[in-house]
Amino acid sequence: MVNEQVDEPATAPTVPGADTEDGIPLHRYTAALANEIELRWQDHWDAERTFWSPNPTGPLSEPNAERAALAKLYVLDMFPYPSGIGLHVGHPLGYIATDIWSRFKRMRGFNVLHAMGYDAFGLPAEQFAVQTGTHPRITTESNIASMKAQLRRLGLGHDPRRGISTTDVGYYRWTQWIFVQIFNSWCDPASGRARPIAELEAQLADGSRPTRSGRAWSDLSPLERRIEIDARRMVYRSEMPVNWCPGLGTVLANEEVTAEGRSDRGNFPVYQRPLKQWVMRITSFADRLLGDLDALDWPEPIKLMQRNWIGRSEGAEIAFPVVADDAVADGGTGSDIAISVFTTRPDTVFGATYMVLAPEHPLVDEITASAWPPGTPSIQRGGGFAGSPADGHRTPREAVAAYRDYTNARSEIDRQAESKLKTGVFVGAFATNPATGGPVPVFIADYVLMGYGTGAIMAVPGQDERDWEFAEDFGLPIVRTVEPFAGWEGGAFTGDGPAINSGFLDGLRVDAAKARIIDWLEAEGHGRRRVTYKLRDWLFSRQRYWGEPFPIVYDETGQPIAVPASMLPVELPDIDDFMPKTSDDPDALPEPPLARATEWTTAELDLGEGAGLRTYRRELNTMPQWAGSCWYYLRYLDPDNADALVDPANEAYWMVGATGSKSAGSANVGGVDLYVGGVEHAVLHLLYARFWHKILFDLGHVSTPEPFQRLFNQGYIQAAAFTDERGSYVEAEKVVEQQGQFLYDGEPVNREFGKMGKSLKNAVAPDEICRDYGADTLRLYEMYMGRLEQSKPWNTRDIVGVHRFLQRVWRLFVNEQTGALNMGASGDGAGSAAASAVGAAGLDGGTMRLLHKTIAAVTDDLEDLRFNTAIAKLIELTNHLTPIVSVTGQLPVEVAEPLVLMLAPMAPHFCEELWSRLGHAEPLAFKAFPVADPALIVEDLVEMPVQINGKVRGQITVASSQAGDEATLLAAARANDRVAGHLDGVLVRKVIVVPGRLLNIVVG
RNA sequence: GCCCGAGUGGUGGAAUGGCAGACACGGCGGACUCAAAAUCCGCUGCCGCAAGGUGUGUGGGUUCGAAUCCCACCUCGGGCACCA
């Protein structure tokens, strides 16, 4: 996908591409000229190393070392996956925005770091390899090369030395190194921080921290000690339920599983299987990840999404003892068993009329009775769910088994989707409500999830909508414990109100009742205060080939050992067959592709335990794609460092003291000054990266507690997509509009809108737009379409508007017939002075005022990434100048140079060309951005609308100095015929003056 | 079902409590031209000849004044892990 323009021979700088067809003037700004200018300046920037940003120290401190003394600014894009389809015009939206902001900030005196890397591990390259046998590394490298060429064509001012790929061995070596740091740490509950695991070992050894089993450290065998420690590491192994699909040989995400419990691809059966996996203890940082959001300059909706995802809730854990009942006697059932529940509403415990356990809850087998209590209705015996006998099962055990089969066949997504339909079965046992002392029946139902809280709830139908629905369906009693407000006709009441039917809580509002009941539960030994989180630990292993190998080996005990940092990287071995091992056998277990690399699966290592070379078994899973994207912004700072993740001096220079933030309220914790990317990463990527960064911070490897000070989410570019009568998408490019109808191949098609991409067949490649208009026009158009943060439709027809704008600016400077400057001959090195002489006519007052207003407005707009309105203001200034220049043939230099400088961040090639034609030998990339003079903006006279009762009835013109004076304004208003007519014979009740803006006269 | 976001001319959008529709596309008219294109100038929310009226998804509310703030609803887009 390399643009064919690249191969065109470059013409001499002052001889633009000639186009004599159709009588187009020789020196007009055409696509051909734009392309010539752009390729020449791109080569120039490369050759001059214009955008190589110096580090304060190390190999990247040259060239441009003098800039390292400036204030730093770190601008970052969410880096792309190098897809084989190439770029469409939706991709560069954010990249153009960050490039404009970076160029603007360079002109404002900052040393700006801006680079682009590639998030190149991932499934598409692996799936392509499965289909074709082509090694993922070959596909990936070729895709990266094409994408780099496409991005270069857009004129993005990146430092090319820093653009790492996560698949580089020199990069993932450090991804593995970070994993080892995480493996060798634990979260000290006293400080909530990651600490070296050696500190834990010391505490266990000296007895200041008890072991889990309560046994003395000295009594433990070496293996028992390792198990004790491994269980507390920041990353640990655990059995986690996964969607295992033997037919595909892979584990599937929830959205890849259909409602029928089969694979989306291939329609193979999918089974929920526990699988031993690596898990990161992100929950131990939940409070910090939540609390530190406050200091970040991020969009509020994104912060809210992270807060909701972490989902801190305060409540209580309450024990409900299981009743030993002779009537349903079952050998093992005894009163020593208690079901522990978590609730955020302990105040409603008096209304808990039944309990529900998750079907997979470990106590279910123990408490399930052997016979139904007399009078159990059929619905409670399992008569309510698909595939179950209408009158229920004969025993609780049968019902439980059947219900588990039913829920195992449903995915987690599915269990949530059918929220209206409540299913479940009674296990035949009762527990005691500790508040009322009464018995409550125990159910299992899949609306309770094992992964949240304790996997069991006390059901309070009076105050919980799901419990209400379940109680109604299953004929269970409902007791209200909060009095609804007058007129309440609904079911469960979840609002605030006085407690009722709650003994000593009666009359208390919810908050007071909660505090009181928790005190009572703790005093009586029935429960305790507890905080829970919705956030779960992070599943970190994948059964794939194209990812980072874990730096982990196992010895004969089966316990993991981290490969020492000195032995990294653990390189990904080459294999020939990337196909996962598939099977028809539902009991087959996942086998990662790395098992195929038979030589590699074991290693002879001397891990320094004094035993010399020993044979170890390697970890065969690989890391998820998130791993590489969790820390790439740190490697940009020092991409070639072989001795450290990043040199501390370079890290401190770029990360400490974020200066890009404009918000006065934020605490400025430091980090990347501006991070731009799509909202789809609001939770996962941004949370994982923050988590890793905090670990590195705790362990002393980075200087700031947060990675990204300011975040900005750009919108999607959407495009019309067309479907034929079968509902299939057709090539949008080939659809024509005739008399309000859309036709494809002569057949009518339906129009809809969607995110631009291959799947909707509505992608527009940037290469074509560059060819037809030039990259500067594309850049301007993408920024002019609307607000950066909003999604908006692409419309190729509208591009001509900004292209004409550039042509008009060009025409202000360059005579289209002769190519001569409208300021006379272009000078030599001292061009500015020469140009000033020819522009000696100077500026009229109106132009001067408009220029300075424009400078002020454009500066504000660029600062806040409001590029659409910045461009609109530059168009206004240009439209003001056009008739002046067409009459005089002279563009005063006092306006010409500021105009070029202001436009330069948006249209850099175009402006560098004009700047050099104005006689400047030095490029404008580091020239100072124009500064507005407030004194020149002030108007002598101001026109103000006059309203009568809020309706505009006339305009008055007054001196600016009088624009806030009520008497002057009223006099002017009465002198206005139209206004005076409305004031005749009515009483003025009130006058509202907004100085300089408006006069409103209230009459009655 | 829940959460978040968005609804403004023929179209993309501007205006965050103070003249709704900046700027651009499209459309209409004029100048230039033998003609066309390009360019330049002007007009362009809707109803109305006009005076004037009306108008920011719908219905209420707050305010001297609402696209903007509040309540309810409708539509579209995005997200979702039954938040116990």
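Every chain is numbered from 1 and lettered A, B, ... according to where its sequence line falls, protein lines coming before strand lines.
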Check your understanding: Checking all strands, does N308(A) fall into the base, sugar-phosphate, or nothing category for heavy-atom contacts under 4.0 angstrom?
Key -> base
Practice item. Hey, which sits more toward the 5' end of RNA chain B by its nearest nucleotide, E943(A) or T869(A)? Key: T869(A)
Review point. Just how far, in rounded Å, is P of U11(B) from CE of M785(A)?
Key: 16 Å
Exercise for review: Mind checking R312(A) for me? I need base, sugar-phosphate or nothing, with any heavy atom below 4.0 Å counting as a touch.
Suggested key: nothing
**Study point:** Separation of atom CG in L881(A) from atom P in C40(B), rounded to whole Å
**Key:** 13 Å
Review point. When we call it a touch if two heavy atoms are under 4.0 Å apart, what does V1002(A) touch: a base, just sugar-phosphate, or nothing?
Key: sugar-phosphate
Review point. Between A22(B) atom C1' and I871(A) atom CD1, what is the distance in whole Å?
Key: 14 Å
Review point. C64(B) phosphate, OP1 or OP2: any side-chain N/O from K990(A) under 4.0 angstrom?
Key: yes
Point to revise | Whole-angstrom distance between C19(B) and A67(B), as gauged at atom C1' | key: 14 Å
Revision key, fill the gap. Under a 3.5 Å limit on both distances, the Watson-Crick or wobble mate of G77(B) is C4(B)
Point to revise | Paired nucleotide for A51(B) [Watson-Crick or G-U wobble; both distances under 3.5 Å] | key: none
Practice item. Tell me what Q955(A) touches on the nucleic acid: a base, only sugar-phosphate, or nothing, going by heavy atoms under 4.0 Å. Key: base
Review point. NA contact type, R989(A), heavy-atom cut-off 4.0 Å: base, sugar-phosphate, or nothing?
Key: nothing
Point to revise | Distance-only donor-acceptor check, side chains D798(A) and Y784(A), under 3.5 Å | key: no
Practice item. Kindly say if R866(A) contacts the phosphate of A14(B), meaning a side-chain N or O under 4.0 Å from OP1 or OP2. Key: no
Review point. Are N795(A) and G13(B) close enough that a side-chain N or O sits under 4.0 Å from OP1 or OP2?
Key: no
Practice item. Assign G9(B) to syn or anti; the rule is syn for a glycosidic angle within 90° of 0 and anti otherwise. Key: syn
Exercise for review: Using a cut-off of strictly less than 4.0 Å, decide whether R787(A) has a side-chain nitrogen or oxygen near OP1 or OP2 of U16(B).
Suggested key: no
Review point. Roughly, in whole Å, what's the span from CG in N815(A) to P in C40(B)?
Key: 14 Å
Study note, to complete from the structure: Walking RNA chain B from its 5' end, the first of P945(A) and R804(A) to be reached, judged by nearest nucleotide, is P945(A)
Revision key, fill the gap. Between P793(A) and Y781(A), the two heavy atoms sitting closest are O-OH, 4.4 Å
**Study point:** Whole-Å gap separating P (G13(B)) and CH2 (W794(A))
**Key:** 14 Å
Point to revise | Nearest-Å distance once atom C1' is located in both G65(B) and G1(B) | key: 40 Å
Practice item. Mind calculating the distance between CG (D860(A)) and P (U16(B)) to the nearest angstrom? Key: 13 Å
**Study point:** Pairwise P distance for G48(B) and U39(B), with rounding to whole Å
**Key:** 34 Å
Point to revise | Atom P, compared across A14(B) and U63(B): separation rounded to whole Å | key: 31 Å
Practice item. For N1000(A) and G17(B), give me the distance from atom CG to atom P, rounded to whole Å. Key: 18 Å
Check your understanding: With distance as the sole criterion, is a donor-acceptor pair present between the side chains of N822(A) and R811(A) under 3.5 Å?
Key -> no
Revision key, fill the gap. Across every strand shown, the nucleotide meeting Watson-Crick or G-U wobble geometry with C64(B) (both distances under 3.5 Å) is G18(B)
Exercise for review: Taking only the side-chain nitrogens and oxygens of K951(A), find out if one of them lies under 4.0 Å from OP1 or OP2 of G18(B).
Suggested key: no
Review point. Just wondering, are more than 12 heavy atoms of other shown residues or ligands nearer than 6.0 Å to CZ in R997(A)?
Key: no
Point to revise | T344(A) side chain, from C-beta outward: closest of A84(B), A14(B), A38(B) | key: A84(B)
Point to revise | Short N-O contact, E939(A) and K853(A), less than 4.0 angstrom | key: yes
Review point. Taking the P atom of each, how far is G79(B) from U11(B), in whole Å?
Key: 27 Å
Point to revise | Watson-Crick or G-U counterpart of A31(B), or none if no pair lies under 3.5 Å | key: U39(B)
Exercise for review: Assign T343(A) to base, sugar-phosphate, or nothing according to its heavy-atom contacts below 4.0 angstrom with the strands shown.
Suggested key: sugar-phosphate
Review point. So, does the side chain of D798(A) form a donor-acceptor pair with the base of C25(B) at under 3.5 Å?
Key: no
Check your understanding: Where does the angle between the aromatic ring planes of F443(A) and Y354(A) fall among parallel (under 30°), tilted (30 to 60°) and perpendicular (over 60°)?
Key -> perpendicular
Practice item. Give a yes/no answer on whether the side chain of R997(A) brings an N or O atom under 4.0 Å of OP1 or OP2 in G17(B). Key: no
Practice item. Identify whether any heavy atom of K873(A) sits under 4.0 Å from a base atom; if not, whether one sits that close to sugar-phosphate; answer base, sugar-phosphate or nothing. Key: nothing
Check your understanding: Do the charged groups of K873(A) and E876(A) touch, with an N to O distance under 4.0 Å?
Key -> no
Practice item. Looking at every strand, decide which applies to I875(A) at a 4.0 Å heavy-atom threshold: base, sugar-phosphate, or nothing. Key: sugar-phosphate
**Study point:** Between C25(B) (P) and K792(A) (NZ): distance, integer Å
**Key:** 19 Å
Check your understanding: Base, sugar-phosphate, or nothing: which does Y716(A) touch, judged by heavy atoms less than 4.0 Å apart?
Key -> nothing
Check your understanding: Counting just side-chain N and O atoms, does N868(A) come under 4.0 Å of either OP1 or OP2 of A14(B)?
Key -> yes
Practice item. Taking the side chain as every heavy atom from C-beta outward, state whether E782(A) and W794(A) have any atom pair closer than 4.5 Å. Key: yes
